[in-house]
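The structure under discussion appears below in the form of C-alpha cells.
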Amino acid sequence: MTASPALGTTLQPATQAFLQHAPKQLLIGGEWMAAASGATFDTINPATGRPLVSVALAGDADVDQAVQAARRALEAGPWPSLSGAERGNLLWKTAELIEQHADELAELETLDNGKPLRAARHGDLPMAVRHFRYYAGWAGKLEGATIPVAHPDQFVYTLREPMGVVGLIIPWNFPLLMAAWKLAPALACGNTTVLKPAEETPLTALRLGELLAEVGFPPGVVNIVTGPGVPTGAALAAHMGVDKIAFTGSTEVGRKVMAAAAAGNLKRVSLELGGKSPNVVFADADLDKAIKGATWAVFSTSGQECVAGSRLFVEEAVYQPVLDGLAAQAQRIRVGPGFAPKAHIGPIVSDKQLQTIMGYIESGRSGGAQIVAGGERLGGELASGYFLQPTVFAHQDDSLRLVQEEIFGPVVAVTSFKDWDELIARANRTRYGLAAGAWTKDVSKAHRFARAVKAGTVWINAYGLFDAAAPFGGYKESGFGREMGREALDLYTQTKTVWVSL
Ligand code: NAD
C-alpha cells in the first residue's frame, strides 16, 4: 500500500514496506505467524474511514501458544540467566532503535490512530524512548532487604523476583507509548510478556515487535497477539498460565479482567482505568494561562485521554470571561487529518467512538446543558473521516450523564462554583479519581486543593504532564497500582523471604 492522496503525504519507504507486507502476523516464540484459524481483521484509517491493512485475529489457540512461548522463555533459555545489567542493556538498545525509527513509527501511529504527526513524533515517540531508558536504569537495581528478626540464630533476607508470565492489555489512544509503559518495567524486572494492543491500533506494537528481535531479546520474551477484546483480550485475561495482567482501558472492561482473574488462577491484576477529571479555575488565577491550559487539558488528542480535564469548575467571579475565552479557543482549534501540517487535533479513533461521543452531546443538549462552542461532526472534505468539533457545554447540573460519565472525546462541561466546600464536594462527586487540575496564584490554596481532591495525579497551573519517573494511577474506580516511577517495579515483581539458620 502506498500513500493515498487523501493522506496528503508521501510515506517513508519503511512505512510503505511495513504496510505492504500484509496481513500483519502474530509474534509468538520469536516467529511471525498467521492466526491458527486464518482469521484477520482490518485496521481502519480514522482520517479517511478506509481500511489500512489487515491483521491476524488471535483466538484462544493463538493466545495459548503465546502464553506457552512466554512460559518457556521464562523458565529456560538465555532470559532467566541474564543479569539485571544485561536486561538493562537490551532496554537501552530498544530506546536507541525506537529513536532511529521514530519517523516511521510516528507515521504508523498517525495512520492508525489519527493523531497529528507532530504529536506522535514529538510527543508519543520521545516519551516511549524515555520509558525504555528510565527502566533500563532500574533493571540492575532491584534490591531486596536484610530483615532483623526476633530469632538471633536466623538470617532473613528478601529477593525481588519477577511475577512470571505477564499479559499486557492496552488501549488505542497512545498505542506505542502504552506498550512502552508496560513492556519497559515488565522486562526490566525479568518477566516474559504477551502484549495485546487495541484492535483499533495494532500497528506500532507490531513494528516494535520487529525492532525488539533486532535488539536481541530472546524468542518468547515478548509475544504479540492482535485482535478484539473478545476473543483475544478475554482469552489472555482468563488464561491459567498467565501470572499477572496489567490492563489499561475502560472501567467496564477492567471489571471483566478482574472477574476473570478471580474466577481463574487469581493472577495478579493492575488496572489503569477511566476518568472524569475536575479542572478548577480560581478567581485569582492568571486567566490567560488558565484558559489556554483548560483548553488543552480537554482537547488534546481530541479529548481521547484518560486524564482529560472534562469537568471544568470556574469560580463565579471569573466564570463568564473564562467560559467565553474557552469557547473562543475551542473555535480556533484546527481539526484535520493527522498528516495536515496545520492540524492541531485529528479525528476520533473510530466510527463507533464518534457515535458514542455524539450520543453524549445529544444527551447534554436534551438534558438542558447549553452548547457554547462546537457540537457538530465535520463534513465537506472531512466527511469520510471521524472528525468532530471541539465542544464546550455550560451547565449547573452535576447529575447529567455529560458530567458524570467518561466521554473520551473533545467535550468539556463547564460550571461555576461559589465557595471552597461546594467546590471540593462537587469535584469529588464522581466514581472516578484519576487526575485533577487547579489554576491559582495562591500557593497554599493550591496545596490544600491537592490534598482535598481524590485523584491519583494533581497538576497545579499545568495539566497533562507525564514523565517515566513520576508514578501515575487512579483513586476509586479509576483503578489501582501505579505505573511509572519506582512504584511500577512493585507491579512486576514479587517478594520472596528467605530464612537461613546460622
Ligand atoms: P477498552 O476498555 O474498550 O479496551 C482496552 C483494551 O481492552 C483493548 O485492547 C481491548 O481490546 C481490550 N478488551 C476489551 N474487552 C476485553 C475483555 N473482555 N477482556 C480483556 N480485554 C478486553 O478501552 P479503549 O476504548 O481501548 O480505551 C479507552 C479507555 O481506556 C478509556 O476508559 C480511558 O480512560 C482508558 N484509559 C486509561 C488510561 C489510564 O492510564 N488510566 C490510559 C489510557 C486510556
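When a ligand or atom number is given, it counts from 1 through the structure's own listing order.
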remark   = With heavy atoms and a 4.0 Å threshold, my read on which part of F247 contacts ligand 1 is side chain
Protein heavy-atom partner closest to [atom] - residue, atom, separation in Å:
| atom | result |
| --- | --- |
| atom 20 (C) of ligand 1 | G233 C, 3.1 Å |
| atom 13 (N) of ligand 1 | G229 CA, 3.3 Å |
| atom 36 (N) of ligand 1 | C306 CB, 3.5 Å |

Option with minimal heavy-atom separation from [atom], where the choices are [options]:
| atom | options | result |
| --- | --- | --- |
| atom 23 (O) of ligand 1 | G167, S478, S250, P202 | S250 |
| atom 6 (C) of ligand 1 | I170, V253, N173 | I170 |
| atom 30 (O) of ligand 1 | A435, A308, A198, G249 | G249 |

key: From I98 atom CD1 to F132 atom CZ, the distance as rounded to the nearest 0.5 Å   = 4.5 Å
ask   = Got a second to check how far S302's OG is from L354's CG, nearest 0.5 Å?
value = 10.5 Å
N or O contact, [X] vs ligand 1, cut-off under 3.5 Å:
| X | result |
| --- | --- |
| W172 | yes |
| K196 | yes |
| L273 | yes |
| F472 | no |
| E199 | yes |
| E406 | yes |

May I ask you to decide whether [X] forms a salt bridge with [Y], counting only side-chain N to carboxylate O separations under 4.0 Å?
| X | Y | answer |
| --- | --- | --- |
| R431 | E252 | no |
| R133 | E99 | yes |
| R71 | D243 | yes |

Side chain T43, main chain V53, donor-acceptor under 3.5 Å = no
ask   = Hey, does W181 sit under 4.0 Å from ligand 1 if you only count heavy atoms?
value = yes
Sub-4.0 Å heavy-atom contact, G474 with ligand 1 = no
task = For the residue pair L111 and L19, establish whether any side-chain heavy-atom pair is separated by less than 4.5 Å.
result = yes
query = Between the side chains of D112 and W172, does any donor sit under 3.5 Å from an acceptor?
reply = no
query = Going by distance alone, is a donor N or O of one side chain under 3.5 Å from an acceptor N or O of the other, for E107 and T15?
reply = yes
query = Looking at the rings of F174 and W181, which for Trp means the six-membered one, are their centres under 6.0 Å apart?
reply = no
query = Is any heavy atom of the protein nearer than 4.0 Å to atom 4 (O) of ligand 1?
reply = no
